[in-house]
Amino acid sequence: MGNERVNETRRNFLRKSAVLAGTILASSASQPFTAMIFAANQPDKSKPWYAIGIDIEKCIGCGMCAKACKSENDVPKDPFYYRSWVEQYTIKNDGTVSVMSPNGGIDGFMQTVPEEEIFKTFFVPKMCNHCYKSPCVQVCPVGATFESPEGVVLVDKEYCIGCRYCIQACPYGCRYLNPATETADKCTLCYHRLKKGLNPACFEVCPTGARIYGDLNDKDDKIHKFLKDHNTQVLKPNLNTGSKLFYNGLSSEVR
Amino acid sequence: MEHLYEILKHVDGYIYPNEIELQWGILIVLYPYITGLVAGAFILASLERVFKVKVLRPTYHLALLTALAFLIVAGLPLVSHLGHPFRSYEILTTPQGGSAMAIFGFVYLWYLMVVLLLEIWFDYRHDLVLWANESKGIKRRIYKILTLGVTDISPKALAWDEKLGYIITVIGIPSAFLLHGYVGFIFGSIKANPWWSTVMMPVIFLLSAMVSGIALVMFLYMVISWIRKVKIDMACLDEIGKFLFMVLILDFTLESLDQVHRIYEAEESFEILHMLVTGKLTYTLFIFQGIMGTIIPLLILGFFRIHLPKEKLRTPMYFLASCLVLFGVFFMRWNVVIGGQLFSKSFLGFTSFKLGMVGLEGFWMALIWMIMPFLILSFILWLVPPWKKHAENKV
Amino acid sequence: MPPQLKTLLPLLAVFICLFLVARHFLIPESFGKYGHYRANSLDEIAAIPIHYAGKSVCVDCHDTEAALLASDAHSGLSCEICHGPGAKHVDDPENNKLEKPGSKESCGRCHSINAARRTEVIHQIDIKTHNAERVNCIDCHNPHAVWEMKE
């Protein structure tokens, strides 16, 4: 008699658990896991959702993008604050990899390593990736940095308390503390220009078309052609930042 | 900013251009250190109250008041480091739910007001009423205000003091874990930084907090007894030493486990971290934190587990051990905070850090922040001395 | 109820009320409209003045140069790459003249030989040896019609 009762209870338990598990499974399929933990906005279909494409094969390291960025956005001229910069990777025949970014590439690059020692060398422009699962937005304690409805990650300099947590959290080194405003600062994708229908400064001045940007919500936008025609990669994909900066021609040495 | 040009000359390898300046300096090393002392001192006090380790009674009140003195100062280096300290109220008005740092305001307030102040109040209320009656002038007024007008000292009311104080202490233990654990989580949850990003970080922070808090109470108990020229209760000191030994072993084990795991898996960041540890952190990690802060105290306290020498020898050894532990835990915080910013997130180079002497982020300011809690503690001990508590409460 | 709670609980209630009132006044009104941030900051950031005018604006006035450029190797370039930010010039052309660079140093930014530049992307020369006695490229090359030599 005792055994039967226990079996009945066990059966009920198993049945209830199955129902519960099934419900959880079904509901998770109907509303896919939208990662409520990290800061992720669902793109608003009525607005543009900006992404960036950089073609490393076309970059000539002129540094005009980095220079124009500082001019357009009144970034302090000292060599410690960059919203956008260019790096040069040089892989020598002996296998050593060296990277340099003299003043962020603003003054251009001089060839310093003799040609015969070079195995491979290329330029990599860097800027804020405007991640859609941005770790920098996730860690802001007060809501001073956020992803705009257009997918641009911005900083509210009137609200930022200058705790520098977001600067620690960005895996790509895109942020700095602006010494003039004592707040966190970064590339805004020239939001002030986008809103006026103008190109962000760095895209405006790129002479080879190595940098493009576009609206992921518009299927005719050139960014879709870029994504389709090239094998693109993002930096540090293992960190799952939802980076919207897609590189073509990203060599395995690039960090 | 001129110092940045100097640091530019010392950049080793490649760093992202924005990484030249270290974002978090000595003040951010101090904050976890001080809150760790608070949490640790409180846990020691609760060992007596909740887990009924009676032999620790002589340090119970001291531990609580120490926790209070340090907590008062804890938030100050943090707020002074902000770019806009006057906007810091935003953490209370619009905390962003995804950020570990956002809970700072509430956890701090909760712990200060509900846990520490209330527990001390319940513990001291009886004495405050009696002292108010015995004193004159300003002191009388202060005591009266501190009683919050609750002057009933009938046995029934006193029983409530005891009961409510006990409940608060029980709530206080997880609160202490939260107060310091979240600081560990602030670092441990940053996936961008492989020196910080580990699941063990909150645990390591908490254990080293307990180690430092216990060492602090041990240190203060000896110093205050020496100042007051009273005899130290050696049974109490031995018991504190025993707890310090056990928690130190646990702390050392888990910190080592974290590193062994890192070495074994040797994932992408391993090479640069290896260079960090064997290069820039050699002194602060191996010598200050490791040998001086952990191994030597472990040897001293471990030796006492086997053989207890005479009191005359034990007391200075306990003093040395507690000082070394306090020194070592400070450098543990240093190695985490500063160490984590010395290497580039490109894993291709290092920047450098020089602690300035003057300025809000300088050595002298840090020293002031560290001395302040001791001054506050002196004031508190003058106002509500544990040794002047009335016989029914004191042991 | 014990006397302690009779005092503490109302104190707690008062504290919470004060906190809620303060919070109401301290939180900016546009906060939370689109997300956990101050919606007004979007407008504030959008209102930042521009420094670069954009090629289409230059072309409006400087149509001759633009026409010449259109059939040149440099046709895809924006004017402000070489001439610098032009928004101030658009507002007040007479008092905000732009620079007209043409030295080997400034042209060399793009055209000097560098192993990292692909030759199919950009024409490169050794600026040290090419017409070594000259300092300015534009002595011979019209920047808007680069293969139409001046001499």
Side-chain angles (χ1 to χ4, degrees), chain B residues 84 86-103 105-110 112-129 144-169 171, chain C residues 1-52 78 80-81 84-85 105-106 108-110 112-118 122:
Chain B
H84 288 269
F86 290 112
R87 293 182 190 168
S88 51
Y89 67 86
E90 291 170 8
I91 254 182
L92 291 168
T93 56
T94 61
Q96 196 266 108
S99 168
M101 199 184 278
I103 65 173
F106 291 105
V107 166
Y108 182 84
L109 267 185
W110 164 266
L112 175 67
M113 293 174 46
V114 176
V115 178
L116 265 189
L117 284 177
L118 265 190
E119 181 169 339
I120 294 172
W121 186 73
F122 282 127
D123 189 53
Y124 269 89
R125 195 186 63 84
H126 183 193
D127 300 281
L128 288 170
V129 174
K144 273 201 132 178
I145 294 173
L146 288 176
T147 62
L148 295 182
V150 187
T151 51
D152 180 351
I153 49 172
S154 64
K156 205 162 163 211
L158 294 182
W160 271 111
D161 278 336
E162 182 66 34
K163 194 167 171 180
L164 291 169
Y166 181 82
I167 293 174
I168 292 286
T169 314
I171 296 175
Chain C
M1 187 171 332
Q4 297 92 335
L5 290 182
K6 279 204 203 114
T7 308
L8 287 176
L9 289 176
L11 255 180
L12 179 67
V14 164
F15 183 75
I16 292 180
C17 282
L18 282 175
F19 176 75
L20 290 173
V21 166
R23 195 172 170 270
H24 173 83
F25 284 107
L26 287 171
I27 297 183
E29 348 93 55
S30 69
F31 202 95
K33 198 164 156 202
Y34 301 122
H36 194 91
Y37 57 95
R38 220 172 44 94
N40 284 350
S41 73
L42 289 174
D43 297 325
E44 287 165 22
I45 296 172
I48 293 173
I50 61 172
H51 293 284
Y52 280 82
S78 162
E80 288 166 303
I81 295 178
E105 199 190 320
S106 88
R109 217 182 219 275
C110 292
S112 62
I113 289 189
N114 192 311
R117 291 174 181 152
R118 291 178 180 225
I122 184 117

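Just so we're on the same page: letters track the sequence lines, and every chain starts at 1.
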4.5 Å side-chain heavy-atom contact, C:F31 and B:T93: no
Among B:D152, B:D161, B:I153, which residue satisfies the side chain to side chain contact (heavy atoms under 4.5 Å, CB included) criterion with C:P3? B:D152
Can you name the nearest heavy-atom pair linking B:V150 to C:T7, along with the distance? CG2-OG1, 3.0 Å
Can you tell me how far apart CG (B:L158) and CD (C:Q4) are? Round to the nearest 0.5 Å. 8.5 Å
Does any part of the side chain of B:L109, heavy atoms only, come nearer than 4.5 Å to the side chain of C:F19, both counted from C-beta? no
Given heavy-atom pairs under 4.5 angstrom as the criterion, report whether the side chain, backbone, both or neither of B:L92 touches chain C. both
Sort C:L8 into side chain, backbone, both or neither according to what part of it lies under 4.5 angstrom from a heavy atom of chain B. side chain
Mind checking which of residues 112-120 of chain B sit less than 4.5 Å from chain C, heavy atom to heavy atom? B:M113, B:L118
